[in-house]
Amino acid sequence: MNYIVNTEEMRRADENTIFCFGVPQLVLMERAALSARDFMMQEWKELFTTSVRILIAVGNGNNGGDGVALARLFYLQGHQVTVLVSGDQEKYSPALKSQMQILEKYRAESEKQQNMKLRQALHIITDDMWMTAHEQKKESYDLVVDALFGVGLSRPVEGICKEKIEWLNGLTAKKAALDIPSGVSAKDGSVPGEAFLADLTVTFGFVKAGMLLYPGKEYCGAIKTAEIGITEESFLGEYPAGVTLDRTDEAQKECLDTFLYRKPDSHKGSYGKVLLAAGSKRTPGAALLAGKAAFRSGTGMVQLVTSPENRDLVLSALPEIMYQELTEDTDWERLLDWCDVVVAGPGIGQERFAEKSLEKIMTIVSEKEPRKPVVLDADGLNLVASSERLYELVKAYTALGGIVIMTPHMAEFSRLLHCDLKELQTGRMEKQKRYVRESGVILVSKDAATVVCYADEEDSFHYYINQTGNSGMATAGSGDVLSGIMGAFAALTAMQQEKESKKDDPAKRMQRKTAYFEAAYRAVYVHGLAGDRAVQKYGETAMKAGDMIHALPEIFPGFVG
């Protein structure tokens, strides 16, 4: 598990490292520059088999200081280094001034010692020199490094810096950014103006949220995190709100360990019972996809409540499932007594009958002890968006300590917020934060970079940004597969929670909500892994939702504890 930081969280960790632990800022810069150099040389090994022509564009802040330190390291290796500095010297940060002085002293010493290898290897260009030079010819470089702005940028890039980024993007060279590409918001990945387009971003300490969210993610290229001395201890116990799992084998093991363990003396009831309210006579496939995914994700039993017209198709395609006709007389109380979690919404339609069924589910679970987790997806979300009564039932349930997991894609989330899609894309993280605080739900905001988030009992915001998956998953039924995985993971979590204390107090509620938040983001992670496995076989264009279900056994290998 890795922390994700925003601008303020990173600034606080940086300051704590310097002022509380006493690590000098120049030491952190040196480690940042060394790590960046090593990552670049590793990424482009063939490029560094000979002398490289390197341009490093630096701003007047500490990100520029990192860039100047990197310039010195490359210069002392004998590479041809050009440093493009920005702004007036009077506005340089103290650290940048120190780094410039160090660089100048090395150059002066090489001149004094008549070091022919280094004498012509360093060029420093100011704004005035650049404005004249870049219009006369197209400079030729092998590597361009962006160190103009760090994580603190909160406005569109303007003026000469905007011109520089446009020019840098137009150069034919490998491109790397230090900490975050200039012009990308570290907070939410927004790009309000021009931004540097990197092939590689070396970020320091912790990944920034804006690097994992679109459109900012598109500007980062490959992301490498450098350990420079800013560690978890630097938060002084006030940890960041965000976490993520990468695609490494270690992360996959961490994600799956909880759900792989199966006792030799267990039975089908040991791994949770999922009640699935899904599918109408027009959309039986949604029920099948969700049911198959739930079974393939480890749940012991699935009971489907669906339209009578679906009976033969469902039982022939998925004989393991328990079938219940959806009618006016459906005994929801008995069904909800039976299950450990209810998944409602995939393919149920938006007619009044579906709405009444969902109202019954939310009303009954509110009366139950212990509370049953509810996963709402697809039409279930659209019904909540269009019905004030349903939304109030959801809020009343979460206020009692009930768990509701909502899994909207962006269009569904815009309906829940009653705003248009374009408006949602602006300030997405802030809108998610407000919604979970108001509704009390665990929100799975599905997108190319899915965000899972919730607010705890103290109203603190917590989130996870997913890094698995691919564009082949943008296909009909993909969300139904996630619903099934989510139901299975929530059911397994419910079984684990039964072993905990029944005491219902704020601490217990917080612990329960955190457990289901973790189950939700692990389901999202596994869903993406299944997509990544499926795309290896079918490709992004030909892949369909069912291919992800077929990939799940490769993710859940046989395991007996």
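These numbers come from a predicted model, not from an experiment.
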Interatomic spacing from CG in Leu245 to CG in Asn466 - rounded to 0.5 Å
8.0 Å
Would a distance-only check, ignoring hydrogens and angles, find a side-chain to backbone donor-acceptor pair under 3.5 Å from Ser182 to Phe149?
yes
Begin from the C-alpha positions of Tyr219 and Tyr214 and carry the test ring-ring contact (aromatic ring centres under 6.0 Å, His included) through to its verdict.
CA-CA 9 Å; Tyr219 289 80; Tyr214 288 90; over 10 Å; no
A quick test of your reading: do over 12 heavy atoms of other residues, nucleotides or ligands sit less than 6.0 Å from NZ of Lys174?
no
First locate atom OG of Ser154, then atom NZ of Lys187, and finally report the distance between them rounded to the nearest 0.5 Å.
9.5 Å
Verify ring-ring contact (aromatic ring centres under 6.0 Å, His included) between Tyr521 and Phe517, making sure each step is shown before the conclusion.
CA-CA 6 Å; Tyr521 74 64; Phe517 165 67; 5.1 Å; yes
Could you go step by step and tell me if Phe489 and Tyr516 meet the ring-ring contact (aromatic ring centres under 6.0 Å, His included) rule?
CA-CA 9 Å; Phe489 279 30; Tyr516 282 104; over 10 Å; no
Show your working on side-chain hydrogen bond (donor to acceptor under 3.5 Å, both in side chains) between Asp179 and Thr203 and close with a plain yes or no.
CA-CA 4 Å; Asp179 215 13; Thr203 196; 3.0 Å; yes
Under a 3.5 Å distance rule, please check whether Gln99 uses its side chain to pair with a backbone N or O of Asp66 as donor and acceptor.
no
Filter on salt bridge (charged side-chain N to carboxylate O under 4.0 Å, His left out), then keep only pairs touching residues 22-47, sequence neighbours left out; what's left?
Glu30-Arg72
Kindly say whether the aromatic ring centers of Tyr239 and Tyr3 come within a distance under 6.0 Å.
yes
Is there a donor-acceptor pair under 3.5 Å between the side chain of Asn63 and the backbone N or O of Leu178?
yes
N/O donor-acceptor pair under 3.5 Å between Thr17 side chain and Ile230 backbone:
no
Sub-3.5 Å donor-acceptor pair from the side chain of Asp142 to the main-chain atoms of Val52, do we have one?
no
Measure the acute angle between the ring planes of Phe74 and Phe48, then classify it against the limits of 30° and 60° as parallel, tilted or perpendicular.
parallel
Test: salt bridge (charged side-chain N to carboxylate O under 4.0 Å, His left out). Region: residues 88-100. Which pairs qualify, not counting sequence neighbours?
none
Can you run down the salt bridge (charged side-chain N to carboxylate O under 4.0 Å, His left out) pairs that involve residues 147-158, sequence neighbours left out, and say none if there aren't any?
none
